[in-house]
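All values below were derived from every heavy atom in this structure, side-chain atoms included, with hydrogens, water molecules and symmetry-related copies excluded. Note that the numbering runs from 1 along the sequence shown for the chain.
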Amino acid sequence: PAVYEMAGLLPSTLTSQKVQAGNGACGLIVSSVQILTRLVTSGLGPIGKGQLEMLTTIFVTLMGVTSLQIMVLYFWKVRRSSYYWTYVRGRGHSPERASQEGRAEEIAEDANDVQDDFGGGCIENLRNTAKALRYVLPSFLAVFVCFL
């Protein structure tokens, strides 16, 4: 729900449409993986409790492996990209470009600068987190109540 709320705040309708398309695609992929896993492991026959537990273990393992792959992709590809360094970190240079230009010491200073890396320090992050929770908590509670 928070993703939909954030997309709704943006001026373009394309963001909301992309969120809906992504949600639909994820649902289709998850359902397909569940169906294919069931068909591969037990065919069209009935499923017993043991087989259902095995299918659950397989599916949770697949989700874990996929999550690890996403984390690796994020830390090894996204955070190293020049786009990330330019637009997210706001420093205007990537480590690769700095090393090519002989500015490696500037990157080392940036890495040691805790104030910049954490956007104002620990207290500021806690204050911002508490403020964000005021907006996200109602949506989280609504989803939680729906699944009770």
Side-chain angles (χ1 to χ4, degrees), residues 1-99 107-108 110-148:
V3 173
Y4 292 106
E5 292 169 3
M6 289 299 296
L9 293 174
L10 298 173
S12 174
T13 59
L14 290 176
T15 308
S16 297
Q17 292 170 354
K18 299 300 180 188
V19 167
Q20 292 289 345
N23 194 17
C26 287
L28 183 65
I29 291 169
V30 166
S31 296
S32 299
V33 168
Q34 285 178 331
I35 291 168
L36 289 173
T37 305
R38 184 205 184 282
L39 290 174
V40 167
T41 57
S42 59
L44 296 174
I47 298 176
K49 183 179 178 183
Q51 289 176 318
L52 189 58
E53 288 175 354
M54 180 187 65
L55 285 172
T56 302
T57 302
I58 291 171
F59 190 67
V60 168
T61 303
L62 284 174
M63 286 189 323
V65 168
T66 303
S67 297
L68 286 174
Q69 289 174 344
I70 290 170
M71 288 171 36
V72 166
L73 179 71
Y74 173 74
F75 284 110
W76 283 348
K77 291 302 243 180
V78 173
R79 289 192 63 142
R80 292 182 177 186
S81 71
S82 61
Y83 176 86
Y84 178 86
W85 281 86
T86 301
Y87 296 103
V88 177
R89 297 290 295 259
R91 296 199 174 113
H93 58 269
S94 66
E96 291 83 14
R97 190 182 315 155
S99 63
I107 295 297
D110 285 345
N112 292 330
D113 190 3
V114 176
Q115 193 72 7
D116 280 349
D117 284 328
F118 293 106
C122 186
I123 300 299
E124 183 73 22
N125 282 341
L126 289 175
R127 191 175 297 128
N128 290 337
T129 301
K131 186 175 181 179
L133 282 176
R134 290 190 311 200
Y135 297 103
V136 176
L137 191 61
S139 297
F140 175 76
L141 290 176
V143 170
F144 181 75
V145 168
C146 286
F147 285 108
L148 282 180

Please output the side-chain donor-acceptor pairs of residues 27-41 that fall under 3.5 Å, not counting sequence neighbours, one pair per line with the distance.
unit_1: Ser31; atom_1: OG; unit_2: Gly27; atom_2: O; d: 3.0
unit_1: Ser32; atom_1: OG; unit_2: Leu28; atom_2: O; d: 2.8
unit_1: Thr37; atom_1: OG1; unit_2: Val33; atom_2: O; d: 2.6
unit_1: Arg38; atom_1: NH1; unit_2: Gly43; atom_2: O; d: 2.5
unit_1: Arg38; atom_1: NH2; unit_2: Gly45; atom_2: O; d: 2.8
unit_1: Thr41; atom_1: OG1; unit_2: Thr37; atom_2: O; d: 2.8
unit_1: Thr41; atom_1: OG1; unit_2: Arg38; atom_2: O; d: 3.3

Of all residues at least two apart in sequence or in a different chain, which pass the side-chain contact (heavy atoms from CB on, under 4.5 Å) check with Gln20? Tyr4
Show which side-chain atoms of residues 50-62 pair as donor or acceptor with protein atoms under 3.5 Å away, not counting sequence neighbours.
unit_1: Gln51; atom_1: OE1; unit_2: Gly48; atom_2: N; d: 3.1
unit_1: Thr56; atom_1: OG1; unit_2: Leu52; atom_2: O; d: 2.9
unit_1: Thr57; atom_1: OG1; unit_2: Glu53; atom_2: O; d: 2.9
unit_1: Thr61; atom_1: OG1; unit_2: Thr57; atom_2: O; d: 2.7

Which pairs count as salt bridge (charged side-chain N to carboxylate O under 4.0 Å, His left out) when at least one residue sits in residues 125-135, sequence neighbours excluded? Glu124-Arg127
From Thr66 OG1 over to Met71 CE, what is the distance, rounded to the nearest 0.5 angstrom? 12.5 Å
